[in-house]
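Here the structure comes first, spelled out in structure tokens, and everything after it is commentary.
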Amino acid sequence: MSLRVVLFSILLLVLVVSGIAVAWSRHQHRAAFTQFSATERERDELNIEYDRLQLEIATLVDVQRIGQRARDQLGMRAPEPADIVVIAP
């Protein structure tokens with residue numbers, strides 16, 4: 001074989017390997033981008049859920065709401081002055 005044929009064969013092999021490497025690299029990039037997009041979507045959904053839970057917590061710990069539920073559901077009331085007993089130390 002002549003030097004030209006060997007050189008051409010090597011260059012052809014390098015070209016094919018390079019093409020495969022580019023295709024594999026693009027595939028890896030697309031897969032990583034897809035995973036990144038899914039993770040961003042999950043982050044956004046979790047942020048929405050977190051905000052909703054923060055609002056729910058703020059509603060549940062509202063003092064007026066707790067007092068109203070205590071009166072309505074449990075029949076609780078403030079004690080009358082005559083019912084209050086002070087214990088001296």
Side-chain angles (χ1 to χ4, degrees):
M1 280 203 293
S2 71
L3 181 61
R4 238 182 205 187
V5 173
V6 172
L7 186 59
F8 179 74
S9 298
I10 291 173
L11 288 176
L12 184 61
L13 180 64
V14 168
L15 180 66
V16 169
V17 170
S18 175
I20 291 171
V22 167
W24 182 79
S25 175
R26 289 186 63 127
H27 171 72
Q28 291 297 101
H29 176 266
R30 286 185 181 127
F33 185 77
T34 302
Q35 184 178 5
F36 174 73
S37 296
T39 303
E40 273 191 327
R41 231 180 350 267
E42 183 181 2
R43 180 205 60 200
D44 293 343
E45 290 170 4
L46 288 173
N47 278 336
I48 291 169
E49 178 73 7
Y50 177 76
D51 291 341
R52 187 186 66 75
L53 290 173
Q54 289 292 93
L55 182 61
E56 186 176 340
I57 287 171
T59 302
L60 291 175
V61 299
D62 181 34
V63 174
Q64 295 294 330
R65 179 177 163 84
I66 293 172
Q68 186 65 38
R69 289 187 77 179
R71 285 187 295 280
D72 294 346
Q73 292 180 351
L74 301 175
M76 296 179 83
R77 61 175 176 75
E80 299 295 327
D83 296 335
I84 298 174
V85 176
V86 179
I87 300 175

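Predicted model, so just to flag it, every value in this text is computed and none were measured.
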Could you pull out all donor-acceptor pairs under 3.5 Å where a side-chain atom in residues 53-62 meets a protein atom, sequence neighbours excluded?
residue: Glu56; atom: OE1; partner: Arg52; partner atom: NH1; Å: 3.1
residue: Thr59; atom: OG1; partner: Leu55; partner atom: O; Å: 2.9

Can you list, pair by pair, the side-chain donor-acceptor contacts under 3.5 Å of residues 24-31, counting residues two or more places apart and other chains?
none

At what distance, to the nearest 0.5 angstrom, does CZ of Arg69 lie from CE of Met76? 13.0 Å

Take Gln68 and Arg71 through the side chain to side chain donor-acceptor pair (under 3.5 Å) test and state the conclusion after the steps. CA-CA 5 Å; Gln68 186 65 38; Arg71 285 187 295 280; 3.1 Å; yes

CG of Leu11 to CG of Leu7: how many Å apart, nearest 0.5 Å? 4.5 Å

More than 12 heavy atoms of other residues, nucleotides or ligands under 6.0 Å from CD of Gln35: yes or no? no

When you look at CD of Glu40, are more than 12 heavy atoms from neighbouring residues, nucleotides or ligands closer to it than 6.0 Å? yes

Between Leu12 and Val17, is there shared hydrophobic-cluster membership here, with clusters defined by ILVMFWY side-chain heavy atoms closer than 4.5 Å? no

